[in-house]
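Structure record follows, encoded as structure tokens.
Residue numbers begin at 1 in each chain, while the letters A, B, ... track the order of the sequences.
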2 protein chains.
Amino acid sequence: MDVDTRVLRYFVAVAECLSFTEAANRLYVAQPSLSRQIKQLEARLGTDLFVRASSAITLTRAGEALLDAARQQLSGWQHTLRLVRTAAAAESNVVRVGFVATGGGALARQARAVFTERYPDATIAPKRFDWGGEAQALRDGLADIAFVWLPADLTGLRSRVVADEQRWVAMRSSHPLARQDKIRIDDLRDEPLMWTRVASPEWVDWWAVNPRPDGSTAVWGRENDNVEEMLEHVATATSGVCIGPESMASYYTHPDLTWRPLVDVDPLRIALAWPEDSASPLVARFAEIASALADQPSPD
Amino acid sequence: MDVDTRVLRYFVAVAECLSFTEAANRLYVAQPSLSRQIKQLEARLGTDLFVRASSAITLTRAGEALLDAARQQLSGWQHTLRLVRTAAAAESNVVRVGFVATGGGALARQARAVFTERYPDATIAPKRFDWGGEAQALRDGLADIAFVWLPADLTGLRSRVVADEQRWVAMRSSHPLARQDKIRIDDLRDEPLMWTRVASPEWVDWWAVNPRPDGSTAVWGRENDNVEEMLEHVATATSGVCIGPESMASYYTHPDLTWRPLVDVDPLRIALAWPEDSASPLVARFAEIASALADQPSPD
DNA sequence: TGTGCCCATACGTTTCAGGCATGGACGTCG
DNA sequence: CGACGTCCATGCCTGAAACGTATGGGCACA
């Protein structure tokens with residue numbers, strides 16, 4: 001009997017929600033469609049998966065068995081996807097270097113230059129991801145190695161910290177704070193801070209410096225997925241600022257924006273990370289080069 | 001990205017044949033359809049899986065990675081199917097007893113009677129399969145326990161031999177051999193023997209008594225999938241006989257058929273078998289009952 | 001008893017897999 | 001060297017299936 005990962009996803013969603021309606025919302029499909037898919041799955045399996053009692057549905061034994069197995073099938077397929085994508089890149093001697101915004105900054109560019117000179121047959125493919133997406137991209141096989149902004153979930157990855165950068169603040173040039181040479185976190189007490197749903201809460205709180213030294217927490221501004229959207233918000237919204245690493249101030253200049261150093265917070269730490277089971281020698285070489293550069297005194 | 005076990009089967013077939021045309025035949029689909037499915041899979045994965053060179057196709061690295069993983073996915077799904085079906089039967093206290101033709105004969109009926117008396121809340125569901133299908137049915141989760149005719153592939157199963165039966169020969173009543181009280185294998189030297197594609201070659205050869213004591217091999221008659229088809233062939237074909245266990249002579253009487261004992265060949269051995277990882281206590285109880293009955297002197 | 005929630009069903013639409021026919025590239029053989 | 005066979009790709013049509021909207025029915029709760 002054939003089956004689709006889609007219906008397995010549908011089934012897992014219903015089993016987790018124990019509600020067709022709620023699962024349909026989560027899956028962005030109409031509820032009748034979901035009902036039909038589950039019913040068809042039950043018909044093909046020859047057994048009910050849910051007990052539809054009034055105002056509550058529960059899993060049958062067969063449903064419980066399928067829930068475990070379906071989760072394994074789905075994660076197995078994710079793993080397969082990663083292997084295939086990685087193999088495809090490796091075959092064509094491509095190293096996909098994941099990053100967010102300015103990523104690894106100057107170190108990344110130096111590493112790329114050395115790598116390209118040493119392995120002229122290989123190609124570096126920079127891959128930009130949305131906030132907090134670079135670590136997951138490694139697990140999904142969408143990148144072979146990445147400059148990961150900490151904090152991040154490094155499960156399944158090998159990593160080493162290769163750089164750090166002071167944090168700066170961006171604001172509209174007309175903003176009162178733009179008259180200061182440097183910013184302290186207390187200055188941002190009432191400033192709406194741009195934030196994102198696509199990264200983890202830990203990531204968002206770290207950037208927002210939550211909790212603040214005085215025990216307060218950030219005021220949230222506009223939501224965004226990546227650096228361009230974030231800066232667009234800051235440049236156009238009536239209020240609000242954003243925080244980024246120092247390199248962002250030079251990489252993303254903007255006529256309406258002013259960058260100022262945020263002097264009393266921890267710097268951003270940047271890790272180079274790659275999958276634990278990475279078998280690509282080119283990835284290992286790139287990691288060695290970047291590590292060696294990180295150990296040298298910075299030429300800046 | 002979603003995927004279907006069907007396209008994984010398609011991919012594995014092409015990868016194993018290294019030919020679209022041959023794989024299409026094996027899969028019983030038209031070659032253009034197969035080409036399109038593979039091409040679409042490649043597009044969704046974002047990488048080629050095959051190198052289409054003139055007069056030979058080969059796997060890319062990504063294809064090799066997918067081949068391994070797809071085989072695992074497919075066998076994983078088979079395993080899942082078994083778990084779900086088994087759980088469904090266990091939930092409703094049903095023990096599905098697999099068999100072929102007369103299956104375990106008198107012993108099976110006795111076991112069922114004892115089991116039903118001892119566990120009145122449970123239900124025995126006899127499940128008949130085509131030639132040689134009962135062991136695979138256990139692995140596929142289509143039966144919980146089965147009377148398996150040996151020889152059979154018992155991989156993944158626990159088993160014990162519980163009965164044996166002399167083999168008999170069925171022929172048209174007008175057949176010259178029907179005048180004999182008993183048949184010897186040499187008498188069948190030139191008789192076309194009914195056979196099947198659905199069981200393993202070892203199974204077919206064992207029933208055909210290949211090779212014969214004189215070194216010859218059977219002459220093949222009509223092909224069939226199960227006992228009714230087989231007997232229909234014997235009753236209507238101009239020539240040919242079939243061999244079955246003694247119980248078949250009493251279970252499948254037929255006005256045009258005559259059964260005679262085949263006196264100089266090994267008897268059929270019947271094993272009771274169930275999955276190694278069977279967790280159902282009812283299955284264990286059934287196995288104990290049948291085993292105990294097998295150890296008693298036969299009441300026949 | 002009316003209302004809201006939740007799941008199932010009906011129906012029309014779109015998408016997609018499959019079959020048939022055909023085209024193009026390449027190798028082989030007369 | 002040309003005709004033919006083999007093999008994979010493409011075009012076109014058909015049938016099946018999935019999705020969405022609208023609607024019906026059962027149950028809880030007010």
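Whole-Å rounding puts the L34(A) CG to dC7(C) P distance at 9 Å. Atom CG in D2(A) sits about 12 Å away from atom P in dA18(D), given to the nearest Å. The nearest whole Å value for the distance from the CG atom in L27(A) to the P atom in dC19(D) is 10 Å. The distance from atom CG of N25(A) to atom P of dG20(D) is 12 Å, rounded to the nearest whole Å. One interatomic measurement links the two molecules: CG of L18(A) to C1' of dC6(C), which rounds to 14 Å at whole-angstrom precision. Residue R36(A) contributes atom CZ, which lies 11 Å from atom P of dA10(C) at whole-angstrom precision. Whole-Å rounding puts the I38(B) CD1 to dT10(D) C1' distance at 17 Å. One atom, CZ of F50(B), and another, P of dA9(D), lie 10 Å apart when rounded to the nearest Å.
Of all nucleotides listed (dG20(D), dG19(C), dC8(D)), dC8(D) comes nearest to the side chain of S19(B). Taking the side chain of S33(A) as heavy atoms from C-beta on, and the options dG18(C), dA8(C), dC19(D), the nearest nucleotide is dC19(D). Side-chain proximity of Q31(B) to the nucleotides dA22(D), dC7(C), dC8(D) is greatest for dC8(D).
Of the candidates D225(A), T196(A), N224(A), N224(A) is the only one forming a side chain to side chain donor-acceptor pair (under 3.5 Å) with W131(A).
Counting only distance, with no hydrogens or angles, the side chain of W274(B) and the backbone of D144(B) share no donor-acceptor pair below 3.5 Å.
The aromatic rings of F11(B) and F50(B) are tilted relative to each other, their planes meeting at an angle between 30° and 60°.
The pair E16(B)-R71(B) meets the salt-bridge criterion, with a side-chain N (NZ, NE, NH1 or NH2) lying under 4.0 Å from an Asp/Glu carboxylate O.
Counting atom types as modelled, R52(A) pairs no side-chain N or O with a base atom of dG26(D) as donor and acceptor under 3.5 Å. Interface remark: the Q37(A) side chain does not form any donor-acceptor pair with the dA18(D) base, using a distance-only criterion of under 3.5 Å.
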| task | In sequence, state the C-alpha distance, the side-chain angles, and the governing distance for W207(B) and W149(B), and then conclude on ring pair (Phe, Tyr, Trp, His ring centres under 6.0 Å). | result | CA-CA 10 Å; W207(B) 278 103; W149(B) 285 3; 5.5 Å; yes
| message | One pair to check against side-chain hydrogen bond (donor to acceptor under 3.5 Å, both in side chains): D2(B) and T5(A). What are the steps and the verdict? | response | CA-CA 5 Å; D2(B) 285 322; T5(A) 54; 2.8 Å; yes
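Note on T21(B): only backbone sugar-phosphate atoms sit closer than 4.0 angstrom, heavy atoms only; bases stay farther off. Residue contacts for Q40(A): at a heavy-atom cut-off of 4.0 Å it reaches the sugar-phosphate backbone alone, with no base atom in range.
Residue S35(B) has a polar side-chain atom (N or O) positioned under 4.0 Å from OP1 or OP2 of dA9(D). The side chain of K39(A) places no N or O atom within less than 4.0 Å of a non-bridging phosphate oxygen (OP1 or OP2) of dC7(C).
With sequence neighbours excluded, no residue satisfies side chain to side chain contact (heavy atoms under 4.5 Å, CB included) with A90(B).
Within residues 3-10 of chain A, the residues that have a heavy atom under 4.0 Å from DNA chain D are, in order of number, R6(A), Y10(A).
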